[in-house]
Colleague: 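Got a structure for you, questions after.
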Amino acid sequence: MKKKVTAIKGTKDILPPETRKWQWVEERARTVFERYGYRELRAPVFEATELFEKGTGESSDIVLKEMYTFTDKGGRSLTLRPEYTPSVVRAIIDHRLYLQPRPLRFYYIGPMFRYDKPQKGRYRQFHQMDIEVFDEKDPGIDAEIIQMATVLLKQVGVADYQILVNSVGCPRCRPSYIQKLREAAQKVREKLCPDCQRRIEINPLRLFDCKIETCQALAANFPKITDNLGEECQQHFIQFQHYLQVLGISYRVEPRLVRGLDYYTRTTFEFVTSALGAQDAILGGGRYDEMMKQFGGPDLCGIGLAVGVERLLSLIKFQPSNPEFIYIIYLSEEGKEEAMKLAAELRKEVDCLLEYKPRSLRNQLSRANKLGATWTLIIGEDELKTGRFTLKHMASGHQASYSSAALLEHFKSRGDQ
RNA sequence: GUGAGCGUAGCUCAACUGGUUAGAGCACUGGACUGUGGAUCCAGAGGUUGGGGGUUCGAGACCCCUCGCUCACCCCA
């Protein structure tokens, strides 16, 4: 093999027939999102780097080490979006969308970019289906979003998952909790692993995530965020869970569920599965009540979720079948011209494939068979003489002759069914 | 960024302890077969064994470097 030009690390070509599966999932997602009142908002794939530094958060792993950042010819620092939420917030402020009747609901399906080391279920270009709600502080919406996600999963035939929920508090109650947690960890610092010792300063919430047994045992005695929420956050969390129960959704409170984005407040949640390897989250999200304000917009709260399309697809066994089509066969120049005209007509009603390499009848039938044609339409000497063309159903071998008008009528009535 | 495993034809894989000109199945193209496909048979095309260096009379195999893929850590979709 000569020097290869390949897709770059962590990116993938999505080829037919795999693309059918994507279209199928995307279509179902759109239908569900629209049904819950969401409308599509398409933002650019790149933004000012600053948007993510402020939005996603300077201390998040995403901003610290995972962004595709570059300088354009005008000297601006731009970044391929690693997530969607800051872009929507920016668009809302940009276009004063908050002046429209609120709450606002948007969805989007598209690629995201993170400079991560690729592994199972994790790519540098990956795709998310994302929904966001602004200016709805009632915990009912938190529950509704989760209920909608269960509907989406059901629509695409995914059943093997668990719902984890948590509350991470807000800027009023979280700092004092973090302080408490740090103090508890400091007392047993010597017994913790080096990683955990670093976590005490950097990200104490991660102390609960350590895989080492001794650390886990110690962490079990650390104070939990869910026991240290402020009054309002506490009420929100209780109500949220109440509404989940009202909607008949089973879930597990997981106080360790922190999520890597700095901006979350109160509700966070994740849908996990055992079928994905180490990257077990198929969908995740939460509330970000402070973001809009931080960008100088109005003080509107927000909540959203992102579904990982690759991860979702890897759980879906189903492969949609190819649509039916006619492979048109001809045997002479005169037949070719008739075939071209007929194909143009028939395509108003049915998929047609016409090929231009001269082949024998046998050869063309063989090719039609390989390509999976539902029917072949034969235009040979006899057909040209009589003006009646032979339509052959490939699976059964049954064939019959039709005038061109009758053919069109035949497929038109099929389409109406 | 750290660690481990793996790189032979488009795909799946062979090639003994290092030993001729690196093979097979599937797929592809053509033919047997000039108006009836799926089957069978024949033929063709397809490789710098990821790349570079080293050891050796001799390397697909052994050693070093490098690139790529995969999985895991961190973190996340």
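Letters A, B, ... mirror the listed sequences (proteins, then strands); counts begin at 1.
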Colleague: Determine whether A/R30 and A/E40 make a side-chain contact, defined as any pair of heavy atoms from C-beta on separated by less than 4.5 Å.
Modeller: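 Touching, per the 4.5 Å side-chain cut-off.
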Colleague: Go ahead and name the base partner of B/A43; Watson-Crick or wobble counts if both distances stay under 3.5 Å, otherwise write none.
Modeller: B/U29
Colleague: Could you tell me whether A/E83 contacts a base, only the sugar-phosphate backbone, or nothing, with contacts defined as non-hydrogen atoms closer than 4.0 Å?
Modeller: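 If one applies the 4.0 Å heavy-atom cut-off, A/E83 turns out to touch nothing in the nucleic acid.
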Colleague: So A/D382, base contact, sugar-phosphate only, or nothing? Heavy-atom distance under 4.0 Å.
Modeller: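 Here A/D382 touches the bases of the nucleic acid.
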Colleague: I'd like the P distance from B/C26 over to B/C42, given in whole Å.
Modeller: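 Nearest-Å result for B/C42 against B/C26 at atom P: 11 Å.
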Colleague: Considering every strand and a 4.0 Å limit on heavy-atom distances, what is the contact class for A/K117: base, sugar-phosphate, or nothing?
Modeller: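 Base contact.
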Colleague: Both A/E383 and A/R367 contact RNA chain B. Taking the nearest nucleotide for each, which residue is further toward the 5' end?
Modeller: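 Between the two, 5'-proximity favours A/R367.
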Colleague: Strictly by Watson-Crick or wobble contacts shorter than 3.5 Å, is anything paired with B/A59, and which nucleotide is it?
Modeller: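 Pairing partner, where one exists within any strand: none, as none qualifies.
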Colleague: Please state the P separation for the pair B/G18 and B/A77 - nearest whole angstrom.
Modeller: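 One P to the other, the span is 50 Å.
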Colleague: Could you identify the nucleotide paired to B/G7, looking across every strand shown and requiring Watson-Crick or G-U wobble geometry with both distances under 3.5 Å?
Modeller: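 Its partner is B/C67 (Watson-Crick or G-U wobble, both distances under 3.5 Å).
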Colleague: Nearest-Å distance, CD (A/Q279) to C1' (B/C74)?
Modeller: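 After rounding, the gap between these two atoms is 10 Å.
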Colleague: Looking at A/R122, A/K65, A/R124, which one forms a salt bridge (charged side-chain N to carboxylate O under 4.0 Å, His left out) with A/D116?
Modeller: A/R122
Colleague: Does A/A368 reach a base, just sugar-phosphate, or nothing at all? Heavy atoms under 4.0 Å.
Modeller: nothing
Colleague: Verify whether the ring centers belonging to A/Y38 and A/Y107 lie closer than 6.0 Å.
Modeller: no
Colleague: Identify whether any heavy atom of A/I378 sits under 4.0 Å from a base atom; if not, whether one sits that close to sugar-phosphate; answer base, sugar-phosphate or nothing.
Modeller: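 If one applies the 4.0 Å heavy-atom cut-off, A/I378 turns out to touch a base.
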Colleague: Checking base pairs now: Watson-Crick or wobble, both atom distances under 3.5 Å. What partners B/U20?
Modeller: none
Colleague: Taking atom P of B/G35 as reference, at what distance in whole Å does atom CZ of A/R388 sit?
Modeller: 22 Å
Colleague: Just the rounded figure in Å: distance from C1' of B/G35 to CG of A/L377.
Modeller: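 Spelled out: CG on A/L377 to C1' on B/G35 is 14 Å.
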Colleague: Can you tell me the distance, in whole Å, between the CG atom of A/L365 and the P atom of B/G35?
Modeller: 11 Å
Colleague: P atom, B/G52 versus B/C73: distance in rounded Å?
Modeller: 35 Å
Colleague: Could you check how far CZ of A/F208 sits from C1' of B/C75, rounded to whole Å?
Modeller: 18 Å
Colleague: Any base atoms under 4.0 Å from A/L312, or only sugar-phosphate, or nothing? Heavy atoms, all strands.
Modeller: nothing
Colleague: Decide side-chain hydrogen bond (donor to acceptor under 3.5 Å, both in side chains) for A/S87 and A/E47; before the verdict, give the C-alpha distance in whole Å, the side-chain angles of both, and the deciding distance to 0.1 Å.
Modeller: CA-CA 8 Å; A/S87 297; A/E47 299 270 2; 3.1 Å; yes
Colleague: Please give, in whole Å, the distance from B/A77 C1' to A/F113 CZ?
Modeller: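 Distance check: A/F113 CZ to B/A77 C1' gives 14 Å.
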Colleague: Roughly how many Å apart are B/G60 and B/G54, using the P atom of each and rounding to a whole number?
Modeller: 15 Å
Colleague: B/C28 and B/A45: how far apart are their C1' atoms, nearest whole angstrom?
Modeller: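 9 Å, rounded to whole Å.
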Colleague: What is the distance from CD of A/Q119 to P of B/U70, rounded to the nearest Å?
Modeller: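 To the nearest whole Å, that distance equals 11 Å.
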Colleague: Test for a donor-acceptor pair under 3.5 Å between the base of B/A77 and the side chain of A/R122, counting only N and O atoms.
Modeller: no
Colleague: Relative to the 5' end of RNA chain B, which residue comes earlier, A/E66 or A/K120, by the nucleotide with the nearest heavy atom?
Modeller: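 Its nucleotide being nearer the 5' end, the pick is A/K120.
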Colleague: Applying a 4.0 Å non-hydrogen cut-off, can you work out what A/S360 is touching in the nucleic acid: base, sugar-phosphate, or nothing?
Modeller: nothing
Colleague: Under 4.0 Å from OP1 or OP2 of B/U29: is there any side-chain N or O of A/K370 that close?
Modeller: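 Checking B/U29 against A/K370, a side-chain N or O does come within under 4.0 Å of OP1 or OP2.
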Colleague: Does a side-chain N or O from A/N363 land closer than 4.0 Å to OP1 or OP2 of B/G31, or not?
Modeller: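 Checking A/N363 against B/G31: at least one side-chain N or O falls below 4.0 Å of OP1 or OP2.
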Colleague: Has A/K392 got a side-chain N or O lying under 4.0 Å from the OP1 or OP2 atom of B/G37?
Modeller: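 So the side chain of A/K392 is outside the cut-off, no N or O lying under 4.0 Å from OP1 or OP2 of B/G37.
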Colleague: Would you mind telling me which of A/I145, A/V151, A/V133 makes a side-chain contact (heavy atoms from CB on, under 4.5 Å) with A/Y36?
Modeller: A/V151
Colleague: Within less than 4.0 Å of OP1 or OP2 of B/G37, is there a side-chain N or O belonging to A/R362?
Modeller: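 Result: yes.
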Colleague: Please give the distance between the P atoms of B/U40 and B/G46 as a whole number of Å.
Modeller: 25 Å
Colleague: What I want to check is whether an N or O donor and acceptor connect the side chain of A/Q399 with the base of B/U36 at under 3.5 Å.
Modeller: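 Flag set: donor-acceptor pair detected.
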Colleague: For A/K191 and A/T214, work out which heavy atoms get closest and say how close.
Modeller: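 Smallest heavy-atom distance, with atoms named: O-OG1, 4.4 Å.
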Colleague: Using Watson-Crick or G-U wobble geometry with both distances below 3.5 Å, tell me the partner of B/A15, or none.
Modeller: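 B/A15 is unpaired by these criteria.
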Colleague: Searching all strands shown, indicate the nucleotide that pairs with B/C75 (Watson-Crick or G-U wobble; both distances under 3.5 Å).
Modeller: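 With both distances under 3.5 Å required, B/C75 matches none.
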Colleague: In whole angstroms, how far is the C1' atom of B/C11 from the CG atom of A/L15?
Modeller: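 For the pair A/L15 CG and B/C11 C1', the rounded distance is 13 Å.
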Colleague: Please state the C1' separation for the pair B/G31 and B/C69 - nearest whole angstrom.
Modeller: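 Those two atoms are separated by 40 Å.
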Colleague: If we take the C1' atom in both B/C6 and B/C13, what is their distance in whole Å?
Modeller: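 Pairwise C1' distance, B/C6 against B/C13, rounds to 14 Å.
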Colleague: Within the structure, does a side-chain N or O atom of A/K385 lie under 4.0 Å from either OP1 or OP2 of B/G35?
Modeller: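 Looking at the OP1 and OP2 atoms of B/G35, neither is under 4.0 Å from any side-chain N or O of A/K385.
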Colleague: Only one of A/E132, A/E144, A/E136, A/E34 clears salt bridge (charged side-chain N to carboxylate O under 4.0 Å, His left out) with A/R105; which?
Modeller: A/E144
Colleague: Can you name the one residue among A/Y402, A/F411, A/F389, A/Y327 that meets ring pair (Phe, Tyr, Trp, His ring centres under 6.0 Å) with A/W375?
Modeller: A/F411
